[in-house]
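Quick notes on the structure that follows.
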Amino acid sequence: MPVITLPDGSQRSYSEPVTVEKVAADIGPGLARAALAGKVDDRLVDTSYVIDRDASLAIVTDKDPQGLEIIRHSTAHLLAHAVKQLYPDAQVTIGPVIEDGFYYDFSYSRPFTPEDLEKIEARMRELAKADHKVHRREMPREEAVEFFKNQGEHYKAEIIASIPDGETISLYGQDDWVDLCRGPHVPSTGKLRAFKLMKIAGAYWRGDSRNEMLQRIYGTAWPDEKSLKAYLTRLEEAEKRDHRRIGREQDLFHFQEEAPGAVFWHPKGWTLFQTLIAYMREKQRAAGYQEVNAPEIMDAELWQLSGHLEKFGENMFLTQTPDERTYAIKPMNCPGHIEIFKQGLRSYRDLPLRYCEFGKVHRYEPSGALHGLMRVRAFTQDDAHVFITEDQITEETVRGIELLMSIYRDFGFDDVLVKFSDRPEKRVGSDEIWDRAEAALEEAARAAGIEYIVNRGEGAFYGPKLEFVLKDAIGREWQCGTWQVDLNLPGRLGAHYIDAQSEKRTPVMLHRAIFGSLERFIGILIEHHAGRLPTWLAPVQAVVLNITDKQADYVRQVTQTLQNQGLRVSSDLRNEKVGFKIREHTLQRVPYLLVAGDREAGSNSLAVRTRDGKDLGAIPVETVAAKLAEEVASRGRTRMEV
RNA sequence: GCCGGCUUAGCACAGUUGGUAGUGCGCCUGAUUUGUAAUCAGGGGGUCGGGGGUUCGAGUCCCUCAGCCGGCACCA
């Protein structure tokens, strides 16, 4: 006699066990059609699930986030179903739901081609149209392993073997096809209406590069065609803000074959780069950091001593010189800073001692990892190392994180995700040291009042770290800042200070970066703003345009005036129509276009137009200058247009 | 590094079953002196990513190297 409680609190009683499907139908035919699954006492189940006791029930439809997940999961099954029909020799492995879609990994004798993808998708549409019923059954583990082995599905058999004892093993079938799956799934394939296969890629079995490479097919699925279309449009929009494309269009930088993973900065890109450095210099100076500069190339022996060669060696560039010495090009700045610290005798009174450097480091990254400015082999860090005593860790961390967050706010990044990465497999130092370092960082993070997620085993080889991940305008995450406690390197490289009892002590070193890599940070800024950099960062903040040759002298003079006030302004005196010039500079995303015709030249003013096409009318030159300067100084918190 | 795809003029792209390269924009020259997202006309420009091979003949087919793109693995 199950009594079923619905989300609105209403109850329905049944005289015998009843399926989710039946309850939905009793509520209404529309809901019955829309039902994808049920939630019985908060547990997701199929619509065919039989309720045999009192329970709460919610019908899951495509309006629910969970309904969408089920659609995606079932579409992954539909994909595998189609693949098995077309390529019976292919073996299935796993097919999870991911953000915006799903994938399924197959083992097959040859890679799938784009033509295969079309065929598979066409077959999926046929299978969906046929509206095959989806059914579930359970099977004892041994039987299930046998079942899949007999079908030649060795990967599936392996997966089942690794399912913990006591867990139910369920199989889902539709038409002539059966897969191992936890479920739940849509009641029939006809519920899958809007999907598209996106791309083929290789992926290692169980994510391990020592294993076989499988064929992964990515797809996307949505409740309806409209959402699918919207998603595809969103992808196109994201492509338009790709920093590699904008970098070329706006003439900021380029890459070329001879220097894979290394940037050629053009004048405008370098202006942006220098603007960031100037900003950071000022912030750090105010926060008590002293800028230093250490050699790019140092004898490999130093890197041997620090442990870099052993733990980081495969990422390092080495160079042999005519004098037959081996040098390493620095992949990190820390050893250099320790060497500076070691000069002379340090007192505890000198601590905290904060060294910073815009150090250019080189790391030999695997070729497949390179990606525009986001992942390069030569990059500039806004690196700093703070030498302190062990009991200063918390206080210094609180200060440091405050600075870091205030800087992110200046760039409009309010959404910062923090990760705590603890001891990695490849590390130096005893477990006792790591225990202390991790505990100290944890306590400091608590004192700084930040929330974080734990990233097991992802720390640096010398110490645990907090990683600061920024979210850009379209929701992508980028790791930028880092804050690390290091109880290892200062000792390894022989750094000391004299404490209050005249004892020689080894300092603790904090490693930190805020932008992380200037290169990456610029890439993020470009994508975050879709190339429309805020005025304080824009390489060209305004362009002054004449209408005819008659105003050329006026334009030259005004441009000079604005430049003299430290603004990055250029002029465009070309013999072209204003419309033409406006279009060009608008496409270049120059924040302000300052038009000078006879009227403006006669009244010492400029007609101001924004890159968004807003006409601010004629404004006296000195007002333009003052407002621009204010906008720059406030980092966009005040705007010329308001 | 691994899997797949791609590489033709500065940029975006065409190039049919192998028969000695095209279009648009940009660029250059000239005309035009123009009021807020493209003025008109003419002109120049490519060892088809590098190397090797098959062929009477290769941008098109094969091998190889590199770079790039999408994933995977790895990471700021």
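Atom set for the values below is all heavy atoms of this structure, side chains included, hydrogens, waters and symmetry mates excluded. So that the names make sense, note that chain A is the first sequence line, chain B the second, and so on, each numbered from 1. All values derive from a computational prediction rather than experimental measurement.
- One can place OH of Tyr108(A) at 14 Å from P of G4(B), the figure rounded to the nearest angstrom.
- Picking from U33(B), G1(B), C3(B) the nucleotide with the shortest atom distance to the side chain of Tyr204(A) gives G1(B).
- As rounded to whole Å, 17 Å separates atom C1' of G70(B) from atom CZ of Phe112(A).
- For the C1' atom pair drawn from G51(B) and A66(B), the interatomic distance equals 11 Å after rounding to whole Å.
- The side chain of Arg248(A) sits closest to C11(B) out of G1(B), C11(B), A37(B).
- Residue Asp598(A) is in base contact, counting any heavy-atom pair closer than 4.0 Å across all strands shown.
- Looking at heavy-atom distances under 4.0 Å, Val376(A) makes contact with a base.
- The interatomic distance linking Arg216(A) (CZ) with C2(B) (P) rounds to 18 Å, in whole Å.
- Using N1 to N3 plus N6-O4 or O6-N4 for Watson-Crick, or N1-O2 and O6-N3 for G-U wobble, each under 3.5 Å, G67(B) pairs with C6(B).
- Glu576(A) has its CD atom 14 Å from the P atom of U33(B), to the nearest Å.
- Across all strands, Arg609(A) comes closer than 4.0 Å to base atoms (heavy-atom distances).
- Minimum atom distance to the side chain of Val578(A) is reached by G35(B), of the listed A76(B), A37(B), G35(B).
- Taking only side-chain atoms of Arg244(A), from C-beta outward, the nucleotide of A73(B), A76(B), G70(B) with the closest atom is G70(B).
- With a cut-off of 3.5 Å on both pairing distances, A38(B) has no Watson-Crick or G-U wobble partner at all.
- Nucleic acid contact class of Gln484(A) (heavy atoms, under 4.0 Å, all strands): none.
- Using a 4.0 Å heavy-atom criterion, one finds that Gly613(A) contacts no nucleic acid atom at all.
- For the pair Arg520(A) and Phe515(A), the cation-pi test (distance below 6.0 Å, angle within 45°) is failed.
- Side-chain atoms of Phe379(A) lie closest to A76(B) of the nucleotides A76(B), C69(B), A37(B).
- A distance below 6.0 Å separates the ring centres of Tyr87(A) and Phe112(A).
- For the 3.5 Å distance criterion, the side chains of Tyr554(A) and Glu600(A) fail to qualify, holding no donor opposite an acceptor.
- Closest to the side chain of Arg375(A), from the set G67(B), C74(B), C2(B), is C74(B).
- Among the heavy atoms of the strands, none lies under 4.0 Å from Ala513(A).
- Base pairing analysis places U60(B) opposite nothing; no Watson-Crick or G-U wobble pair with both distances below 3.5 Å involves it.
- In this structure, G45(B) makes no Watson-Crick or G-U wobble pair, since no nucleotide meets both defining distances under 3.5 angstrom.
- Across all strands shown, U20(B) has no partner, as no Watson-Crick or G-U wobble contact with both distances under 3.5 Å is found.
- Using a 4.0 Å heavy-atom distance criterion, Leu545(A) is classed as making no nucleic acid contact.
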